[in-house]
Amino acid sequence: MAKFDSKSFNPQAFGKYVERIPKTRKNELIKSGVLKGNQEIRNAFSSQTGTAYAVLPMYGRIGGTVQNYDGETNMTAQSSTTYERGVVVVGRMGAWVEKDFSTDITGGVDFMDNVASQVSEYFEDVDQDTLLSILKGIFAMTGAKNLEFVNNHTLDITGEEGEKGYAGATTLNTAIQKASGDKKAKFTMAIMHSTVATNLENLQLLAYLKYTDANGVQRDLTMASWNGRIVLIDDNMPVEEVEAVEKSGTKGQANYVAPQEAYTKYTTYILGDGAIDYENIGAKVPFEMDRDPKTNGGQDTLYARQRKVFAPYGISYTKKSQAKLSPTNEELANGTNWELVNDGASTAANKKYIDHKQIYIARIISKG
């Protein structure tokens, strides 16, 4: 058995220990409930033939025109469409080294607690960065059918003047209706930057959930709702600085460019429960230790690895621009690697695509 700081190291026990350590950083996207387990994905990558990428069948809904039952008309059978969905395993790893001398001069700080707490938070941050890259990628898709999703699931109000460029009373409802029409009730939560949340608070548009304590006193919880959707606040949501534009040309002429002050773009994501399929595929050796007694007077190195799948429902990962077996965050953010789930027909003209309204992922881009 490997040694950890001259003690026996059990990687399985360490893994469970890492999971028990309290988290301090807010990674609301990871904890929001949008992640849903998918047994088909787990089976695909847990078998002996499982690799780093798989194309899974996704069954379409039956449809067609109903026929008249009049005792004379023959029935015409219709078939459902089977779609294909590409999913990829995202592998990440890290290593950390601690010197024996560090423990000596700190009066015996518990190295296990210190490392475990940091590893847990580290990979939670890694997972959130992965999810944000995926969301950036699916909203960077191109092609006519893919743009139906991108355009209809994006409400950008930054071009509107004055207070209309900021999130307001009707913004959320407008965004989810634009995305999914009469299925807008499927959206259950919004994840936003604190600047956007503060703006909504100042407009008294956020309603904080309440509870009654043992003495019958009603108190506000820290969790809020906006138009009936739970609001999660996280400053890791995308922010973009837009530079000022100086006036040029003559107003009314083709060469006229209107002046524009600098401003900040904030992206708020609206999601439904289970909008993203998730499976922790695991690594052969998630955690292991290496003891080096001679370097720096003695030091221990912890190695950590993970393999996970994050697959947005209704969107397929194509792997068109991926250099190695595991995609980087830059590759996940590349719209070329994503497309709406389709039936895999050989020509684009003949492809049948999933209805974008069934995808409960949308975004609002605002000045605050």
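Just so you know, residue 1 is the first one in the sequence shown, and it goes up from there.
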Taking only distance into account, with no hydrogens and no angle test, what donor-acceptor pairs under 3.5 Å do side-chain atoms of residues 132-140 form with protein atoms, sequence neighbours excluded?
from : atom 1 : to   : atom 2 : distance (Å)
S133 : OG     : D129 : O      : 2.9

Sidechain-backbone polar pair: S316 side chain, V341 backbone, donor-acceptor under 3.5 Å: no
Short side-chain donor-acceptor distance under 3.5 Å, D235 and S194: yes
Heavy-atom donor-acceptor pair, Q306 side chain to F123 backbone, under 3.5 Å: no
Heavy atoms from other residues, nucleotides or ligands near CD of Q39 exceed 12 (cutoff 6.0 Å): yes
Verify same cluster id: I176, I365 (apolar side-chain graph, 4.5 Å): no
Heavy-atom pair of closest approach, residues T268 and A190: CG2-CB, 4.3 Å
Under 3.5 Å donor-acceptor, T318 side chain and N337 backbone: yes
Connected via hydrophobic side-chain network under 4.5 Å: V87 and V89: yes
Interatomic spacing from CG in N152 to OG1 in T154 - rounded to 0.5 Å: 9.0 Å
Main-chain N/O of V242 paired with K265 side-chain donor or acceptor, under 3.5 Å: no
Flag, side chain of N146 to backbone of L340, donor-acceptor distance under 3.5 Å: yes
E121 side chain vs E124 backbone, donor-acceptor pair below 3.5 Å: no
Interatomic spacing from CG in L203 to CG in N199 - rounded to 0.5 Å: 5.0 Å
Joint hydrophobic cluster, L147 plus I361, side-chain heavy atoms closer than 4.5 Å: yes
Spatial distance of atom CG (N334) from atom OG1 (T328) [nearest 0.5 Å]: 9.0 Å
Donor-acceptor contact below 3.5 Å, side chain E160 vs main chain I157: no
Summary of ring-ring contact (aromatic ring centres under 6.0 Å, His included) pairs that have at least one residue in residues 336-355, sequence neighbours excluded: Y317-W338
Single-linkage hydrophobic cluster V239~V196, side-chain heavy atoms < 4.5 angstrom: yes
Salt-bridge present (R305, E288; N to O < 4.0 Å): yes
Test item: N296 side-chain N/O and G298 main-chain N/O as donor-acceptor pair under 3.5 Å: no
Heavy-atom side-chain proximity of M189 to D273 below 4.5 angstrom: yes
Side-chain heavy-atom pair I359, I315 within 4.5 angstrom cut-off: yes
Check: W96 ring centre within less than 6.0 Å of Y303 ring centre: no
Donor-acceptor pair, side chain of H356 and main chain of V150, under 3.5 angstrom: no
No-hydrogen, no-angle side-chain donor-acceptor test under 3.5 Å, T267 and R363: no
Residue list, ring-ring contact (aromatic ring centres under 6.0 Å, His included) with H193, at least two apart or on another chain: Y266
Atom NZ of K145 with >12 non-hydrogen neighbours under 6.0 angstrom: no
Between CZ on residue R92 and NZ on residue K308, distance to nearest 0.5 Å: 11.0 Å
Sub-4.5 Å side-chain heavy-atom contact between T198 and E201: yes
pair V119-F287: side-chain heavy atoms closer than 4.5 Å: yes
Residue list, ring-ring contact (aromatic ring centres under 6.0 Å, His included) with W226, at least two apart or on another chain: none
Note, E84 side chain near D343 side chain (heavy atom, < 4.5 Å): no
Under 3.5 Å side-chain donor-acceptor pair for N342 and E339: yes
Which residues share a ring-ring contact (aromatic ring centres under 6.0 Å, His included) with Y53, sequence neighbours left out: none
Test item: D277 side-chain N/O and N38 main-chain N/O as donor-acceptor pair under 3.5 Å: no
Under 3.5 Å side-chain donor-acceptor pair for T130 and D127: no
Side chain to side chain, V231 and M192, heavy atoms closer than 4.5 Å: yes
Minimum side-chain heavy-atom gap Q67-N74 below 4.5 Å: no
Y263-M237 co-clustered via ILVMFWY side chain contacts under 4.5 Å: no
Please output the side-chain donor-acceptor pairs of residues 166-175 that fall under 3.5 Å, not counting sequence neighbours, one pair per line with the distance.
from : atom 1 : to   : atom 2 : distance (Å)
T171 : OG1    : G168 : N      : 2.8
N173 : OD1    : K184 : NZ     : 3.2
T174 : OG1    : T170 : O      : 2.8

